[in-house]
Undergrad: 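My questions all concern the structure below.
A, B, ... follow the sequence lines: proteins, then strands. Residue 1 opens every chain.
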Number of protein chains: 2
Amino acid sequence: MSLGVREHVVDSSRADILRAAATCFMERGYASTSIDDVARSLGATKGRIYHHFPSKADLFAEVFRAGMDMNYQAVEPYRHLPGPALPRWRKMAMVHVLQMIDTKPFQRAVWIGVEMHLRGATTPAQREVFNELLEYRSTYGKLFRETLLQGREEGVFRFEDMSIANQLMFMTLNSPIFWYSPRVGETRSDIEVIARQVVDFAQGGLRGTQENPT
Amino acid sequence: MSLGVREHVVDSSRADILRAAATCFMERGYASTSIDDVARSLGATKGRIYHHFPSKADLFAEVFRAGMDMNYQAVEPYRHLPGPALPRWRKMAMVHVLQMIDTKPFQRAVWIGVEMHLRGATTPAQREVFNELLEYRSTYGKLFRETLLQGREEGVFRFEDMSIANQLMFMTLNSPIFWYSPRVGETRSDIEVIARQVVDFAQGGLRGTQENPT
DNA sequence: TGATGAACATACTACCGAGTATGTTGTCAA
DNA sequence: TTGACAACATACTCGGTAGTATGTTCATCA
């Protein structure tokens, strides 16, 4: 079952390509990123990319999947924390936001992928792959949805429309992929302060205006 | 000073092109939208586009400017409402969200434009135009910023970092450009219900968790 | 009424980028 | 040591697209 040195080298090369591709997609978007761009950022040529990935669309899909995997694995350990909804939601939200910051290029790619799918900018052949990935994303969304519902029952959340609340919450929690950029000399605790503010905003939003208390 | 029939026809043709272009940019993004796409959606050819706009980048810039103009003109009447910050902020926010819904194609173009600028995906020549447009956008942002500060002094808002709060607020208020789509048989009041939920979420977010009340 | 120019359409060029076909080099197994 | 294959690089093709150059039509005005 253990992988030989050769396999590790291959996987490492693949992973390097995925990282470079994620960064390129983040910086220029999908359409404006050429395979040559990705190769150049690796000091390589197209041959290397096409040796590991059959097409640009497949390369992008792998980046997308990698980003989703990171999220799922980060949040999954906390989804079944027992007890009231709020602390569990806060933990999950915090982990999610930190993921957005720590793996920004991949998360931007996920965003781009969702956008592309929503406007149907994929070939029928790529549709299948994408549908599977978005199913994956949908599953991830459900992790939060359950906790949102429990929180509403417990009175800590007061949103009206579940669908809208879900959109707004994820919009808030995902937003660092657009505006966060590391500062020089930034420590881990600085990042956590930022993430906490994002989570606080989302929590306040989910509670609403609270103009009719009791 | 009054325009003749000829000028009106010209302006109407230009406006048609801008609307079609905004829709195309929304549906496929900037890079994936060809001038032929825009022309085809008008039942015309490239010649018509290039007769009115010198380049694709200029066409896009005009769409961007039109979107910003709509926002500014919609919000400006309320920026100097006297009295406490909260009702003024709510009015401005509500108008802003309704603008996002009513002129979605243009607002998506504005978003795309900001993204493009942030990653520097513009030629030096287009930089000047873009810088002016983003200055415009910055001015628009200040309309809200003043009210945010007043609201914090009055205790209705409790955010820590002004920059982050501003980002999160606009992220929330802008978000309908991504997830709103008209429903069949939807009335104006249905739309206003949606917009109100968005504004409520943003207001709750700006107030924060409120775990240390007084 | 004919000349002029605006408002397009048509036909073309030049380039860029995805994908392919074909080398080249190093490694490992027999 | 050799041959076979993985992991690339190199050198192409080919379709699509921005931009241009050149018609064409119609209204307006001298």
Undergrad: Between R40(B) (CZ) and dC8(C) (C1'), how many Å, whole number?
TA: 18 Å
Undergrad: Report the residues that fulfil ring pair (Phe, Tyr, Trp, His ring centres under 6.0 Å) with F53(A), sequence neighbours left out, ordered by chain and then residue number.
TA: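 Partners of F53(A) under the ring pair (Phe, Tyr, Trp, His ring centres under 6.0 Å) test: none.
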Undergrad: For the pair made of CZ in R14(B) and P in dC8(C), what is the distance, rounded to whole Å?
TA: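 Rounded to the whole Å, the gap is 12 Å.
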Undergrad: Considering only dC8(C), dT10(C), dA6(D), which nucleotide approaches the side chain of H51(A) most closely?
TA: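 Output: dA6(D).
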Undergrad: Between atom CD1 in I17(B) and atom P in dA7(C), what is the gap in whole Å?
TA: 11 Å
Undergrad: Indicate yes or no: at least one non-hydrogen side-chain atom of F106(B) is less than 4.5 angstrom from one of Q99(B).
TA: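 SC-SC contact between F106(B) and Q99(B) ruled out.
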Undergrad: What does nucleotides 16-22 of chain C look like as a protein-contact string, B for base, S for sugar-phosphate only, - for none, at under 4.0 angstrom between heavy atoms?
TA: -SBBB--
Undergrad: Residues in ring pair (Phe, Tyr, Trp, His ring centres under 6.0 Å) with F25(B), at least two apart?
TA: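 In terms of ring pair (Phe, Tyr, Trp, His ring centres under 6.0 Å), with neighbours along the sequence ignored, F25(B) is linked to Y30(B), F60(B).
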Undergrad: For the helix from dT1(C)-dA30(D) to dA30(C)-dT1(D), what angle separates the axis at the start from the axis at the finish, each from five pairs, in steps of 10°?
TA: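 Axis-to-axis angle, ends of the helix: 10°.
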Undergrad: Residues in side chain to side chain donor-acceptor pair (under 3.5 Å) with N166(A), at least two apart?
TA: none
Undergrad: Could you list all the salt bridge (charged side-chain N to carboxylate O under 4.0 Å, His left out) pairs where at least one residue sits in residues 39-50 of chain A, not counting sequence neighbours?
TA: D36(A)-K46(A), D37(A)-R40(A)
Undergrad: I need the CZ-C1' distance between R48(B) and dT25(D), as an integer number of Å.
TA: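 One finds 15 Å between C1' of dT25(D) and CZ of R48(B), rounded.
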Undergrad: Could you pull out all residues at least two apart from T45(B) that satisfy side-chain contact (heavy atoms from CB on, under 4.5 Å)?
TA: none
Undergrad: Should S13(B) be listed as having a side-chain N or O under 4.0 Å from OP1 or OP2 of dA7(C)?
TA: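 Checking dA7(C) against S13(B), no side-chain N or O comes under 4.0 Å of OP1 or OP2.
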Undergrad: Just to verify, what does R19(A) make a side chain to side chain donor-acceptor pair (under 3.5 Å) with, not counting sequence neighbours?
TA: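 Applying side chain to side chain donor-acceptor pair (under 3.5 Å) to R19(A) gives D16(A).
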Undergrad: For Y72(A), which residues count as a side-chain contact (heavy atoms from CB on, under 4.5 Å) partner, sequence neighbours excluded?
TA: E76(A), R79(A), Y136(A), T139(A), Y140(A), L143(A)
Undergrad: Report yes if at least one side-chain N or O of H52(A) is closer than 4.0 Å to OP1 or OP2 of dA6(D); otherwise report no.
TA: no
